[in-house]
Amino acid sequence: MTWEIVLRVALVAVAFLTLPLLVGQTEHKVMAHMQARLGPMYAGAFHGWAQLIADGVKFAQKEDLTPREADGPVFRLAPAVALLPYLLVLLVIPLGPGDLVGQPLDVGLFFVLAIVGVGVVAVLMAAWASANKYALIGGLRAAAQLLGYELPFVLAAASVAMAAGSLSLPQIVASWRPWWLLWQLPAMLVFFVAGLAEIRRPPFDMPIADSELVFGYLTEYTGLRFAFFLLAEYVGIVVISALTAALFLGGWHGPWADSVGWLWMLLKTALVAFVVIWLRVAWPRLREDQLQRLCWLILVPVALAQLILTAAVRVALQ
Amino acid sequence: MSIPGAGLGKGLAVTLKTLVSPSITQQYPDVAPELPPRSRGVIALREENCTVCMLCSRECPDWCIYIDSHKEEVVVPGAARPRQRNVLDRFDIDFSLCMYCGICIEVCPFDALYWSPEFEYAEYDIRDLLHDKDRLGEWMATVPPPPPHDPNGEPSKEETAVAKRAGTA
Amino acid sequence: MTLLDVALAVAGLLAVAGGVAVVSTKQLVRAGLWLVVALGAVAVEFLLLGAEFAAWVQVLIYVGAVVVLLLFAVMLTRAPIGPSPDLDRPLLPALLVGAAAGLGLAGLFAAAFGRLTVPAPGAGTAQKLGTAIFDDWVLPFEVLSVLLLAALVGAIVLSRRESTR
């Protein structure tokens, strides 16, 4: 029994360490080809497959700097706080039918929403402890953005939970039906967009905005601590993609789901992750006022309307 | 742009199209780049053609061509007096000053200077960029043959001149 | 003394220590961060006692939203790195009130529930909580929601600019 738990946690840790690198490498390559470039070609000889490993080695060699005026302990703690929530979230996302999940949790969806929200604290810690005005502005933007987008994020997730009649992620996936694709489409779009904003990916990278804020709340970070923040961003992509796939695209559902369900889940996650990368290449960054307007005037009303629709259909079906 | 969000879709379409079309990157150190025929890489010298008229040196905007010469007497059998001929002693181009305008090549009346696409002559010391006539002569081998005449274009000056002469004669 | 008891005690100590740090630190923003520790420890207590749903609500609402809002406000107004010299902290009355409230509550609870044994209610699942709220406690729930709605409307009215005239 304990062996099994150890094995599950170890497997999740492996996924935590490999999937983000996979997404990162895909981003390098997809972004390059979308810009008519080749991307990394040297590291690891074959099409630069080892580029991110080389990057990791480079980051590890850099000097670990803490600015003199910074609040040292908080500054040093922030990257860990940014990374940890996503690791915990990966534990409860179901990979395949039945028992193929890190830890089945009765309120898994709620757990995910709560833990993802903790990431804001890390951003605020990094922003304030850097003692840098760009970092502080970036942190304030991030906090405003994350607080705002948390609402449509939770509401859209609530819609699918209501449809499935459960808060447990494996059960939501199990009760998913193909026609939900249509029924929950607005919720899916809201969830995906809000999720993008939650992980501060372009076009929602106003808190980082490298053309105006240097690098936002990451300005003062170097070396491994910076790498942790980057890793957190890529784990964030994995988490948001996997959640979108599990909640709205049916997770492991597909032909021969009993044997290759996990493959379907991975495929769907990869597809959503590709879209995340695609949007980064194709779309410009939203301005701060557009960002808040999109959240409060479009996403929140749509999510509320979807909740009403979901409730109506649920009642009608019973 | 009447449909809201049409621009967003267009952005996605353009990037997707670029993704599936081959990229234009040339992997330079591994693969030699395909340069257009008129690439301005380096200036090559055909020493035999040079008459030391000094036009190139004088027209050079940043004075990077250095020419030394002396006169030699050539005894032509049957002529009344020996002829004088300019012999090139030194023809150096300082590529640390050269701005690759190509004026020297344009003004050369005897086709002694050519553009060569060769570009890998970087040096660690700026003084090593001063190349003498032997080095410039070596680059003659890399000068591509001139592109064929455009069949639909005007006939070349030489051809019209010949035709005119033949007509008047 | 089981492992659960030890864990409970540790989480409780952590919560109390975090609380003390909130009111004793001289650095404004760090007070907010210590609040995260205190509230997180309370969430752990909930988790250990089997109230899983309440624990994650605690994390979502308090750590993820309330503290963030608090930090946000502090950073917008003033957020010096290092100690703030002008904090108004009367030590003696605070100690008195804090100790009296803490010890008084502890004594009260010990006297009232010290001998009482209650059967463990089992894990607090979402379903149970939902049934409880919408069956037995539906009236207080509705009253509370009306109160929250009124507060929301009030906030909007107060923050609106007088630009219509």
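Letters A, B, ... mirror the listed sequences (proteins, then strands); counts begin at 1. FYI, side chains are in, hydrogens and waters are out, and symmetry mates aren't considered; it's all heavy atoms of this structure.
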Check whether any side-chain heavy atom of A:Glu150 lies under 4.5 Å from a side-chain heavy atom of C:Leu60, and answer yes or no. yes

Within a 6.0 Å radius of atom CZ on A:Arg314, are there more than 12 heavy atoms belonging to other residues, nucleotides or ligands? yes

Could you list which of residues 30-37 of chain C have a heavy atom closer than 4.5 Å to any heavy atom of chain A, in residue-number order? C:Arg30, C:Leu33, C:Val36

More than 12 heavy atoms of other residues, nucleotides or ligands under 6.0 Å from CZ of A:Phe228: yes or no? no

Greater than 12 external heavy atoms within 6.0 Å of A:Phe16's CZ: yes

Considering all heavy atoms, the nearest C:Val68-A:Ala143 contact: CG1-CB, 4.4 Å

Given the side-chain rings of A:Phe110 and C:Trp56, with only the six-membered ring counted for Trp, is the space between their centroids under 6.0 Å? no

When only pairs under 4.5 Å are counted, which of A:Leu140, A:Val118, A:Val121 shares the most heavy-atom pairs with chain C? A:Leu140

Is there a side-chain contact between C:Phe53 and A:Leu167, using heavy atoms and a 4.5 Å cut-off? yes

Residues, nucleotides or ligands: over 12 heavy atoms within 6.0 Å of C:Tyr62 OH: no

What residue, out of A:Gly139, A:Ala144, A:Ser168, A:Ser166, has the most heavy-atom pairs lying under 4.5 Å from chain C? A:Ala144

Chain A heavy atoms under 4.5 Å from C:Val57: which part of the residue, side chain, backbone, both or neither? both

Rounded distance [0.5 Å steps], CG in A:Leu124 versus CZ in C:Phe72: 8.5 Å

I need the contact set between residues 144-155 of chain C and chain A: heavy-atom distance under 4.5 Å, sorted by residue number. none

